[in-house]
Structure formats: structure tokens, C-alpha cells
Number of protein chains: 2
Amino acid sequence: MSEALPVIAILGGTGDLGTGLARRWAQAGYQVIIGSRTADKAETAAADLRGIMNERGIEGVNVQAMENLAAAEAADICAMTVPFAHQQGTLELVKDALKGKILIDVTVPLVPPKVARVQLPEQGSAGQIAQNILGEEVNVVSAFQNVAAHHLQEGQGLNCDVIVCGDKKAARAAVISLVEAAGMRGFHGGSIANSAATEALTSVLIFINKQYGCHAGISITGLED
Amino acid sequence: MSEALPVIAILGGTGDLGTGLARRWAQAGYQVIIGSRTADKAETAAADLRGIMNERGIEGVNVQAMENLAAAEAADICAMTVPFAHQQGTLELVKDALKGKILIDVTVPLVPPKVARVQLPEQGSAGQIAQNILGEEVNVVSAFQNVAAHHLQEGQGLNCDVIVCGDKKAARAAVISLVEAAGMRGFHGGSIANSAATEALTSVLIFINKQYGCHAGISITGLED
């Protein structure tokens, strides 16, 4: 493991998506902090993850557990995997700790119970909401909305591409590196406004999952010409 | 060719996308009518298409040309490939002729000059706008927004899936048959509101095309489980 790798915190990281990302990044040699509203919940998720790594004979993984604010302060780069209803509250809590950092927003603006119906927020997208709340001192980059947690929890190799949206190209490029470290292809998808596309697509994929009995994702085609 | 196949009109069908679809459906044995604002423009496009079919040695194709309203009246099922700025006017023109039929809306709400930026309309999507204008007597089904005209113009075989959105399952299924006849896979994508996802994705694909120098599309993955 290189000392030069950034420390990654996953805020609200105790769910399937958060622990799936944590697992992949830890396995790739990153120091990962699982954040949650309580240290206890975070520690339970981190302990589970260490147990899985142990079972698989993967040694030297570095997974810590903290409350969300402490996690955001300790990390170089943060990802956030919270339900839409908790996005704003979590962001207000960690706002100051994110200054000068990248926030990878994985929030999908699902409105239960009709989660298979696209219902984008007035601001256009959850990614845009995050950028508006955090202001220019934080680079919000949206990603991973179309990856099935089911597949993320499996081993390496995952046939789902990740479209990465954010207003700064360098920030998108940093996130694309983390997408690749997690075993997927990442693509520059344009400004944070374009997060509307990937967020809306999640509801369509939920519909497809119900209709076809699968855990669908997407792949970008037509790259060869 | 079976007499049972529906007659398809492509309103505003003289562009690359419209003639690309016309070519594929004609080749699959459908009677196709290219519609345009003037009969002259429609006839030019139809003549070009017949010429191409001739060159390729494909015989017996049935491609006619009409003004949009006449085309809508003569067809069993209509597709519409007009710029967003002409969507409403075209729909008002053909509204009565569409009653009891399916309209395949291919409209993408691009707002020049920033076509690589998602700018969805207040109503949520162009598909929803069409359904609102046409009312319940017309089944609006949105499709083909993510297919590169460049690839459509080539021969058979096209590595791009088509997400099909509309409020009625039977209407979506009829359109999926036409997607397959055109050489692609079609997927039920949910209600017409979900058209927001495919429409937004078009701007992301335009961004990817510029960034990576390609004509990108999408494929649904993860269907096997």
C-alpha cells in the first residue's frame, strides 16, 4: 500500500452500497473510514467488513469507523451514500469539514413509495442540491448511482460503467481513478447538472429490475469510433 | 412482406435519425411513410432512401413521402423525429390524426447552444409534454433518444439498447417490437415520466462523444441474474 493514496471516508456508509464501495477501496489498498450517525453503527459495519476480508484471506486492509463529522474531517476525499431524505442534513453537518475537498455524492432523489418513477427535484438533481449547499469551496462530483449494490458486494469485476459528473474536470478525473480502483470503468459525464441523467436512470433501472428480475446496470457502447 | 405489419409514418423524418429508422424498418418489410413540413422535402428523403436500397440490392421496399399531417393520417403508428423547438407545433398539427394510435416520441429537449448540458423542461420531459398535449386518446411512447444516428445509418446490427417509456404496457410492447425490427434490443423503462432519464442521458452522451471522440450509446447490463 502506498502512503500517497488518499484517505477515503464514506459518510452514511453502513448500507449495502457504502460497504460495497468500502470493501473494494480497502481491497485496492486505500485507507477507508466508514462514517455513520453513531460511532457504534459505523463500528459494526467496519467490523463486518474486516471479518469478510479475513475470511477471504485479504490482509492489511485498513478500515476504520467514526461518526460522520469526524470521518469527514479525517479524510482527504469523502463519498456520501445516504437516502435522499438525509442528504441535506448530512451535508449541513459536514460542510465545514469538506472545504477544499472532493465530495462524491451518490445520492439518488428517490421519492418512496414510487421509486421506479423518475421524480427529479426542483433544483434539477441531488448533485446540484449538494453543490448549492456546499458552495464553490467543495468540488461535488456525482457517481455510482447506477451500480447495483448487489454486484458491488461481490468480488472484483463488475459489468457496470460509472458516469462521473462535476463542474471541475480535475475533480472528475480523481473520482474516475477511484471508480477504476473499485473495478469499474468511469467516464467524464459533464457538469454537475448532468447528474440528473444518472439519477433519473436509477429509477428506470429499478423498473427494469422489477420487470426482468435482475440487478441491471449500464455500459457505454460505441467508444471504438 | 406480411400484410399484417402496421404502416409506420416518421414525422419530421428527413434527418439522419428519421431516415436511419426509415431505412431499417423498410428493410424489415414495413411500409414506411416519411413525413415532412413539405411534400417536396419528404420526397427527396424518400428518393434518397430508395436509391440506397437499390444500391444495396434490397428489393421490394415500400417508402412513401407525404406532408406530416397526411403521413399521420395514413399510418397505423407514428414516430416523430423533430427538434425540440418544433415538437409542440408538429403535435398540434397532427393531434387529431393520432387519436387511437401510438406516437413514438424521439424528441430530446436539447437547448442550444449548450446541448451537452442536461436542461430538462419544467414538465419533466419532452415525452410528458407530448402526452399532455395529445391527451389520453393517444399512447405516447418515448424511445430511440440514445441511439447515434451515425450508427443507425449503417447496416444491420447496432450495439445500443433502447429504453422504452410510456404509460401503457401494451403500447410499450408494440414499440419494443419495432425496436427489434430495427436491429436493437428494447426494454420496458416505465411510465412516460421516466423518459426524463433517456432524454437527459442524450446530453451526457453528447458530452462523452466530444470528450472521447466517438458516437456513444448505452447497453443494459446485469440481466443474467
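Lettering of chains follows the sequences in order, A, B, ..., and the numbering in each one begins at 1.
- Note that CG of B:Leu205 and CD1 of A:Ile163 are 6.5 Å apart. Values are rounded to the nearest 0.5 Å.
- A pairwise comparison of heavy atoms in A:Val118 and B:Asn194 identifies N-OD1, 2.7 Å as the closest pair.
- Interface residue B:Leu120: only side-chain heavy atoms are found under 4.5 Å from chain A.
- For A:Ala148, no part sits under 4.5 Å from any heavy atom of chain B, backbone or side chain.
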Is there a side chain to side chain contact (heavy atoms under 4.5 Å, CB included) between A:His215 and B:Glu224 once you walk through the steps? CA-CA 8 Å; A:His215 297 90; B:Glu224 61 286 342; over 6 Å; no
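- Under the 4.5 Å side-chain criterion, counting only non-hydrogen atoms from C-beta, A:His188 is in contact with B:Tyr212.
- Within the 4.5 angstrom heavy-atom criterion, atoms from both the backbone and the side chain of A:Ile218 approach chain B.
- Closest non-hydrogen pair, A:Ala200 versus B:Ala196, comes out as CB-C, 4.4 Å.
- Between A:Ser219 and B:Thr221, the closest heavy-atom pair is CB-CG2, 3.5 Å.
- A:Asp105 pairs by the side chain to side chain donor-acceptor pair (under 3.5 Å) definition with A:Gln87, A:Thr107, not counting sequence neighbours.
- By the neighbour-count criterion of 12 heavy atoms within 6.0 Å, atom CD of A:Gln88 is sparsely surrounded, having that number or fewer from other residues, nucleotides or ligands.
- In this structure, A:Phe207 CZ and B:Ser191 OG are separated by 7.5 Å, a value rounded to the nearest 0.5 Å.
- Heavy atoms of other residues, nucleotides or ligands lying less than 6.0 angstrom from CD of A:Glu92 number more than 12.
- Remark: B:Gln119 pairs with B:Val111, B:Lys114, B:Arg117 by the side chain to side chain contact (heavy atoms under 4.5 Å, CB included) rule, at least two apart or across chains.
- Residues B:Val204 and A:Ala197 come closest through the heavy atom pair CG2-CB, 3.6 Å.
- For chain B, the nearby parts of A:Ile220 are the backbone and the side chain; heavy atoms of each come within less than 4.5 Å.
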